[in-house]
Amino acid sequence: MSGDGGLTTYRGKRHFDRTREPRGDPQPAGGTPCFVVQIHDARTLHFDFRLEVDGVLKSWSVPRGPSADPHDKRLAMPTEDHPLEYRDFEGVIPDGEYGAGTVIVWDEGSYRPLTRRKKGRTRSFGESLADGHASFWLDGSKLHGGYALTRFRTGAEGSGERESWLLVKENDEYAEHAERRGTPDARRARSVRSGRTLRRVATEASEGRHEAD
């Protein structure tokens, strides 16, 4: 995973006098952890999948978005840790800034880790991620049930390859199989927070009518 549990990398990529993204601070763990899935129309259109772990949002870029079909293996590329406040961000990152483009909150909710034991000891969720495999249960507005993240390429230094993971739905009562499956249409998708599409957010930002909170 990228990052060291802090936000140095995140802050180093941004100019907070130019972008409305939150600067943020690591937060102590407490209560039920959250997750958020944002659609980001940047250089490439993708979904950002984020899980609250140890006071930050551990983050992966998922080009095709999460799937409810257990047969689909979605590529997930780790990115820098984001502050917890980023779960509320929706708006336009200005041209010339890192990640320039429009962001909406496609889904959000809480999650719970599914326990994993190793050598007779229950692993924390952070330890499971460090080991390269973590299972969890999502309770969102759109995503429900068990999912797993599994690292299949480490991206060793000097190899020229990036660390890569797979995001896969568990075969449970919330699974949707071939006859109902489908990749979310990012262009037509609406924010779970505001009901707006990417296009509408971008239009309102250009008109100065609706800035991110």
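For the numbers below, each heavy atom of this structure counts, side chains included, while hydrogens, waters and symmetry mates do not.
Residues A76 and V62 come closest through the heavy atom pair CB-CG2, 4.0 Å. A pairwise comparison of heavy atoms in R190 and G195 identifies NH1-O, 2.8 Å as the closest pair. Between A130 and R151, the shortest heavy-atom distance links the atoms O-NH2, 3.1 Å. Here the closest non-hydrogen pair linking S141 and H144 is O-NE2, 3.6 Å. Contact record, A148 with E170: CB-OE2, 3.6 Å, taken as the closest heavy-atom pair. Taking both residues in full, the closest heavy atoms of P66 and F47 are given as CD-CD2, 4.1 Å, listed atom of the first, atom of the second, then distance.
Residue R153 places its CZ atom among more than 12 non-hydrogen atoms of other residues, nucleotides or ligands, all under 6.0 Å distant.
E127 is linked by a side-chain hydrogen bond (donor to acceptor under 3.5 Å, both in side chains) to R121, S124, counting only residues two or more places apart in sequence or in another chain. Under the side-chain hydrogen bond (donor to acceptor under 3.5 Å, both in side chains) criterion, T19 pairs with E21, sequence neighbours left out. Evaluation of the side-chain contact (heavy atoms from CB on, under 4.5 Å) rule for P33 yields E52, Y111 as partners, not counting sequence neighbours. Partners of T150 by side-chain contact (heavy atoms from CB on, under 4.5 Å), not counting sequence neighbours, listed by chain and number: H133. With sequence neighbours excluded, no residue forms a salt bridge (Lys or Arg N to Asp or Glu O under 4.0 Å) with R64. Shown here are the side-chain hydrogen bond (donor to acceptor under 3.5 Å, both in side chains) partners of R187, two or more places apart in sequence or in another chain: D41. By the salt bridge (Lys or Arg N to Asp or Glu O under 4.0 Å) test, D139 pairs with no residue at all, sequence neighbours left out. In this structure, R87 has no salt bridge (Lys or Arg N to Asp or Glu O under 4.0 Å) partners at least two apart in sequence or on a different chain.
Within the 4.5 Å cutoff, the side chain of V56 has no heavy atoms near those of the Y10 side chain. Counting only heavy atoms from C-beta outward, the side chains of W165 and L167 never approach each other to under 4.5 Å. Side-chain contact check for D81 versus L57: every heavy-atom pair is 4.5 Å or farther apart. T197 places none of its side-chain heavy atoms less than 4.5 Å from the side chain of I104. Contact of the S61 side chain with the T79 side chain is registered, since non-hydrogen atoms from C-beta on lie closer than 4.5 Å.
Residues in residues 103-113 take part in these salt bridge (charged side-chain N to carboxylate O under 4.0 Å, His left out) pairs, two or more places apart or across chains: E108-R193.
Ring-plane geometry between F125 and F136 is classed as perpendicular, the angle between the planes exceeding 60 degrees on a 0 to 90 degree scale with a lower cut at 30. Below 30°, between 30° and 60°, or above 60°: for Y86 and H82 the angle between ring planes is above 60°, a perpendicular geometry.
With rounding to the nearest 0.5 angstrom, the CZ atom of F35 is 7.5 Å from the OG atom of S110. With rounding to the nearest 0.5 Å, the separation of CZ in F16 from CZ in R11 is 7.0 Å. Here the CG atom belonging to L143 is positioned 9.5 Å from the OG atom belonging to S67, to the nearest 0.5 angstrom. Rounding to the nearest 0.5 Å places CD of E80 at 9.5 Å from CG of L7. Interatomic distance, NZ of K58 versus CG of L129, reported as 7.5 Å (0.5 Å rounding). In this structure, CZ in R14 is found 15.5 Å from CZ in R20, a value given to the nearest 0.5 Å.
Checked by atom type and distance alone, the side chain of H71 never pairs as donor or acceptor with a backbone atom of D69 at under 3.5 Å.
Here W137 is tied into one hydrophobic group with L114, Y174, each link being a pair of ILVMFWY side chains closer than 4.5 Å. Grouping Ile, Leu, Val, Met, Phe, Trp and Tyr residues whose side-chain heavy atoms lie under 4.5 Å apart, directly or via other members, places L166 in a hydrophobic cluster with L75, M77, F152, V168.
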Donor-acceptor pairs are to be reported for all side-chain atoms of residues 93-103 against protein atoms at under 3.5 Å, with residues two or more places apart or in another chain.
{"unit_1": "E97", "atom_1": "OE1", "unit_2": "H15", "atom_2": "N", "d": "3.4"}
{"unit_1": "E97", "atom_1": "OE1", "unit_2": "H15", "atom_2": "ND1", "d": "3.1"}
{"unit_1": "E97", "atom_1": "OE2", "unit_2": "R18", "atom_2": "NH1", "d": "3.4"}
{"unit_1": "Y98", "atom_1": "OH", "unit_2": "K13", "atom_2": "NZ", "d": "3.4"}

Item to check | Stepwise side-chain contact (heavy atoms from CB on, under 4.5 Å) test for I39 and L45 | outcome: CA-CA 7 Å; I39 301 177; L45 182 62; 4.0 Å; yes
Item to check | side-chain contact (heavy atoms from CB on, under 4.5 Å) evaluation trace for S128 with L149 | outcome: CA-CA 10 Å; S128 294; L149 277 162; over 6 Å; no
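The only option from E90, R196, Q38 that meets the side chain to side chain donor-acceptor pair (under 3.5 Å) definition with S191 turns out to be E90.
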